[in-house]
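This report refers to the structure that appears directly beneath it.
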Amino acid sequence: HIGQVGPIIQKMVVSHLDDVALQGARQVTARWLFHDFFKDEFAKCRQGTVPQRKGVASVAAELLQERKYSGRCQDLLRQFMNDPEKEVRDELRGIFRNKDLITDPEYAAFVKDYINSQAFADDPDHFVWSLKDLAGSLITVGDAIFAACEAFSTTLQEKTRDVGSPYPLMTSEISSILLRLYEQAQGNCNQQIA
C-alpha cells in the first residue's frame, strides 16, 4: 500500500520531532532495500540529520546478515562506522551478536574495516566478547584477531592505560584470545598463523 503509506512516511522523514524522523528514516531505508522505493528520501536521510542517519544505520545493522541485502548494508555501515556523531556510530554496537558474521569469509573485509573504525574504538567490548565466545577453531578469524590486537596496541594504546575504563580488560581478553589462536595454530602446524 505504498500509495497510501508513502506520503505519511515522506512527512515522517522531515519531521522536527527526532523520534518521528528516525522512524521515518527507518521506513525509507527498509523500503529502499526491499523494493527500491524512496530513492530521493533515502539519499537525503543517508546524509541527513542525526536522527535520520541513526534510522538508516539501525536498519542496515539489522539486515546486515540477510544475504539479499548484505552488500548494500555493508556499504551503508562503512559510512556510519566513522560518522562524526557517536550516537549514530552506536547503532552498530550489536552487529556482532550473531557470531556467524565474524566467521563468514564473505564478511572478512567488512570486519577488518569495522576494527579500524571509530565505532570499534568507541566500544570494542561487543566484538571482543563475540570473539571470546567463539567455539572451536579461531584459525579462520586469525586476521580479525590480529587486526584487533593492532588496534589496541596503536590507535587505542592510550585508552588501554586508563584503568577506570573497560579498555584494559578488553586488552587482557584479546590477549587471551590471541594465546588461544597461537595454541590452535601450533596444534594444526599452521606456522604462518603461529
Nearest non-hydrogen partners of Val128 and Glu173, listed with the distance: CG1-CB, 3.7 Å

Donor-acceptor pair between Glu66 and Ser70 side chains, under 3.5 angstrom: no

Any residue meeting salt bridge (Lys or Arg N to Asp or Glu O under 4.0 Å) with Asp122, in chain and number order, not counting sequence neighbours: Arg89

Closest non-hydrogen atom pair, Leu156 against Ala121: CD2-CB, 3.5 Å

Min side-chain heavy-atom separation Gln186-Gln191 under 4.5 Å: yes

Residues which pass side chain to side chain contact (heavy atoms under 4.5 Å, CB included) with Phe146, listed by chain and number, not counting sequence neighbours: Asp143, Leu178, Leu181, Ile193

Ionic contact status for Glu87 with Lys54, cut-off 4.0 Å: yes

Any Leu77 side-chain heavy atom under 4.5 Å of Tyr114 side chain: no

Minimum-distance pair of heavy atoms, taken over all atoms of Leu131 and Ile174: CD1-CD1, 3.9 Å

Side chain Asn98, main chain Asp100, donor-acceptor under 3.5 Å: yes

N/O donor-acceptor pair under 3.5 Å between Gln184 side chain and Leu138 backbone: yes

Ala185 to Ala194 - nearest heavy-atom pair and separation: CB-N, 3.7 Å

Test salt bridge (Lys or Arg N to Asp or Glu O under 4.0 Å) applied to Glu158 - qualifying residues, sequence neighbours left out: Arg161

Partner residues of Arg72 under the side-chain hydrogen bond (donor to acceptor under 3.5 Å, both in side chains) criterion, sequence neighbours left out: Asp36

Other cluster members, Met12 - Ile/Leu/Val/Met/Phe/Trp/Tyr, side-chain contacts below 4.5 Å: Ile8, Leu17, Val20

same_hphob_cluster(Val59, Leu22) at 4.5 Å side-chain heavy-atom cutoff: no

Between CD on residue Gln52 and OG on residue Ser15, distance to nearest 0.5 Å: 10.0 Å

Residue pairs passing the ring pair (Phe, Tyr, Trp, His ring centres under 6.0 Å) test where at least one lies in residues 166-194, sequence neighbours excluded: none

Shortest non-hydrogen contact from Ala61 toward Ile95: CB-CG2, 3.5 Å

Partner set under salt bridge (Lys or Arg N to Asp or Glu O under 4.0 Å) for Lys11, not counting sequence neighbours: none

Gap separating the CG atom of Asp123 from the CG atom of Leu92, nearest 0.5 angstrom: 11.0 Å

Flag side-chain contact, heavy atom, 4.5 Å: Lys159 against Phe152: no

Salt-bridge criterion met for Asp90 and Lys86 (N-O under 4.0 Å): yes

Residue pair Pro105 / Thr140, side-chain heavy-atom distance below 4.5 Å: no

Residue pair Thr160 / Pro168: nearest heavy atoms and the distance that separates them: O-CG, 3.2 Å

Chi angles and distances behind the side-chain contact (heavy atoms from CB on, under 4.5 Å) call for Arg53, Arg46: CA-CA 5 Å; Arg53 294 194 319 268; Arg46 185 176 182 174; over 6 Å; no

Atom pair SG (Cys73) and CZ (Arg78), whose distance is rounded to the nearest 0.5 Å: 11.5 Å

Spacing of Ile145 atom CD1 and Ile177 atom CD1 [to the nearest 0.5 Å]: 6.5 Å

Sequence neighbours excluded - ring pair (Phe, Tyr, Trp, His ring centres under 6.0 Å) pairs with any residue from residues 38-89: Trp32-Phe42, Phe34-Tyr69

Partners meeting side-chain hydrogen bond (donor to acceptor under 3.5 Å, both in side chains) with Arg26 (sequence neighbours left out): Ser58, Glu62

Listed partners of Glu106 passing side chain to side chain contact (heavy atoms under 4.5 Å, CB included), at least two apart: Arg67, Asp104

Any residue meeting salt bridge (Lys or Arg N to Asp or Glu O under 4.0 Å) with Glu150, in chain and number order, not counting sequence neighbours: none

Heavy-atom donor-acceptor pair, Asn82 side chain to Gln118 backbone, under 3.5 Å: yes

Where at least one partner belongs to residues 125-145, residue pairs that pass ring pair (Phe, Tyr, Trp, His ring centres under 6.0 Å), sequence neighbours excluded: Phe96-Phe127, Phe120-Phe127

Other residues, nucleotides, ligands: >12 heavy atoms within 6.0 Å of Asp19 CG: no

More than 12 heavy atoms from other groups under 6.0 Å of NE2 on His35: yes

Reported CZ-to-CG distance for the pair Phe110 and Asp75, which is rounded to 0.5 angstrom: 9.5 Å

4.5 Å side-chain heavy-atom contact, Glu41 and Gln10: yes

Val88 and Glu85, any side-chain heavy atoms less than 4.5 Å apart: yes

Worked verdict on Gln74 versus Leu64 for side-chain contact (heavy atoms from CB on, under 4.5 Å): CA-CA 7 Å; Gln74 287 181 52; Leu64 177 62; 3.5 Å; yes

